[in-house]
Each structure stands twice: as structure tokens, then as C-alpha cells.
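In listed order, ligands and their atoms are each counted from 1. Keep in mind that what you see is a predicted model, and the values were worked out from it rather than measured.
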Amino acid sequence: MSPVPDIELRGISKRFGNTVALSDLSLSVRRGELMALIGPSGCGKSTLLKIVAGVEEQDEGELYIRGVHTRDLSTRARNVTMLWQSLALFPHMTVEQNVEFGLLTRGTDRLARLERVNSLLNLLGLEGYHKRRIKGLSGGEQQRVALARALAPEPNILLLDEPFGSVDFNLSLMLQAEISRLHKQLDVSFVLVTHNRAEALSLADRIAVMRDGRIEQVGSADEI
Ligand code: ADP
């Protein structure tokens with residue numbers, strides 16, 4: 001395993017008005033690791049993901065992605081993608097258009113886009129879904145399209161914000177298996193936000209327990 005962590009947060013603080021969302025938080029995520037973030041609602045989990053993705057900026061503290069300080073990295077060069085709880089798919093576009101979206105904005109040529117879309121749809125068991133519209137897909141299929149879209153730009157880091165939050169129990173078990181399989185297959189570190197302790201314990205290499213904008217404990221399932 002590379003000694004340079006994929007993500008290193010040092011002394012990160014973030015306030016929204018009078019609300020302290022993150023308070024002098026430090027955490028590092030190793031190369032290729034699946035790290036779960038657990039903690040009660042409002043403890044700062046989503047804010048932490050957004051700072052890593054570059055959607056929000058910290059007030060204080062330093063963030064390094066694969067050893068490079070983010071002041072020296074554009075948001076795109078961080079090569080971090082995020083799977084939102086809402087999925088944020090484009091409902092009127094086809095599966096193919098959704099999956100290739102991040103590649104279009106990066107200027108990838110048509111042939112390379114097509115190859116990448118094909119390989120991701122195969123990887124996620126969505127062969128032949130290219131021209132299907134999002135609106136006509138089941139919840140589980142939409143989740144898999146959202147995963148394919150997040151993986152399309154070949155991110156170094158994939159952030160997942162409660163990806164199983166809005167689906168029923170059986171589907172959530174299927175998706176957990178999917179995430180676990182993808183993680184083993186790809187050289188990508190995953191940070192998974194969840195409020196479900198069992199899910200974190202079964203999926204993660206390590207778990208970070210958050211409370212009041214800080215990390216309370218970090219360790220393997222056994223240690224926690
Ligand atoms: P979690 O994901 O653990 O539920 P969040 O990171 O969403 O927690 O929120 C942490 C705290 O920051 C909460 O008190 C929340 O209300 C506040 N917060 C988050 N985003 C904003 C925002 N854009 N404006 C104001 N307050 C916010």
C-alpha cells in the first residue's frame with residue numbers, strides 16, 4: 001500500500017453562521033481504502049465530503065489529495081467524484097447520456113466515451129441499457145446508473161453520501177454487495193457516509209466515528 005494517503009485532512013474547521021459543522025478535524029484515508037463515516041445527523045459528515053469534493057471550502061485547516069495540497073489543485077484535478085443521496089441523475093436523458101456526462105465536460109472524444117460507457121454498463125450489470133430513459137428505471141437500476149456515472153471519469157476517490165438511505169432493505173443489501181465488489185475490483189478509495197452502524201461494520205476497512213464536528217474514534221470493525 002502506498003504510504004501517501006489518498007485524502008489527508010489536517011485541523012479542518014468549517015462554520016455556517018453560528019453553527020460549527022467541523023471543528024479542528026483530522027483524518028487520513030489510505031490508498032484504496034473503504035472508509036465509513038458514521039455519526040448522528042448534523043455531526044458534519046456531509047460537510048466533510050463536500051470539502052473533500054471541493055463543493056465547500058474549509059475555513060481553517062489543510063487538505064491534501066494524494067499528497068498534493070488542494071491550494072495547488074483545481075477541483076477537477078482532485079479527481080474526486082461524489083454519489084449524492086438524491087442520485088442527481090438527469091431524468092429526461094438516457095442512461096448513456098447520464099454516464100458519459102462527466103466525460104463530455106472533460107472533452108473526452110466520442111470513441112473513448114463509448115468504450116468507457118460500455119465497460120461501466122457491463123461492470124454494473126446494465127448491458128443494453130444505453131438508450132433507456134432514467135424515468136423508466138427501477139430504484140436499483142437508477143442507483144447503478146448513478147454509480148456508473150460517478151465512476152466514468154476514473155476517479156481516484158469516490159464519495160458516497162448515504163447511498164442506501166432512500167431504498168428498501170433488500171435493495172440496500174444488494175447495493176452494499178455491489179459497492180463492496182466494485183471497491184475490490186477498482187483502485188479507488190471510497191468514503192461512505194452512513195448512519196447505519198451495521199452497514200459500516202460489514203463494508204468498511206476502517207470506520208471513523210464522528211460527533212459534533214470531530215472524529216471521536218477511527219479503527220477497523222473489530223477495534224470499534
Ligand atoms: P450530517 O451530514 O452529519 O448530517 P452536515 O454536514 O449536513 O451533517 O451538517 C453539519 C451541521 O452544519 C448541521 O448543523 C447543519 O445544519 C449545518 N449545515 C450544513 N450545511 C449548511 C449550510 N449550507 N448552511 C447552514 N448550515 C449548514
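- Around atom CG of Asp212, no more than 12 heavy atoms belonging to other residues, nucleotides or ligands sit under 6.0 Å away.
- Within the 4.0 angstrom cut-off, atom 6 (O) of ligand 1 has one or more protein heavy-atom neighbours.
- At under 3.5 Å, a nitrogen or oxygen of Gly44, whether backbone or side chain, sits near a nitrogen or oxygen of ligand 1.
- Remark: ligand 1 and Thr19 share no N or O pair separated by less than 3.5 Å (distance only, no angle test).
- Of all non-hydrogen atoms in Leu182 and Leu123, the two that sit nearest each other are CD2-CD2, 3.4 Å.
- A heavy-atom distance below 4.5 Å is found between the side chains of Arg76 and Thr105.
- Residue Ser41 approaches ligand 1 through these ligand atoms, each under 4.0 Å from one of its heavy atoms: 4 (O).
- Listed by number with element, the atoms of ligand 1 under 4.0 angstrom from any heavy atom of Lys45 are 1 (P), 2 (O), 3 (O), 4 (O), 6 (O), 8 (O).
- Every heavy atom of Gly39 sits 4.0 Å or more from the atoms of ligand 1.
- Atom 18 (N) of ligand 1 has Phe16 CD1, 3.4 Å as its closest protein atom, hydrogens excluded (heavy atom only).
- Closest heavy-atom contact between Gly39 and His195: O-CB, 4.4 Å.
- Each of Asp6, Leu192, Val218 was evaluated against Met35; a single residue qualifies, Val218, per the side chain to side chain contact (heavy atoms under 4.5 Å, CB included) test.
- In terms of protein heavy-atom proximity, atom 9 (O) of ligand 1 is closest to Thr47 OG1, 3.8 Å.
- Here the options are Arg113, Glu96, His130, the test is side-chain hydrogen bond (donor to acceptor under 3.5 Å, both in side chains), and the partner is Asn118; only His130 passes.
- Under 3.5 Å, the side chains of Ser23 and Arg214 contain a donor-acceptor pair of N or O atoms.
- For Cys43, a nitrogen or oxygen atom sits less than 3.5 Å from a nitrogen or oxygen atom of ligand 1, counting backbone and side chain alike.
- Within the set Gly42, Ala21, Gly213, the minimum heavy-atom distance to atom 4 (O) of ligand 1 is found for Gly42.
- Per-atom contact check: atom 15 (C) of ligand 1 does not touch the protein, criterion being a heavy-atom distance below 4.0 Å.
- Between the Ser13 side chain and the Asp24 main chain, a donor and an acceptor come within less than 3.5 Å of each other.
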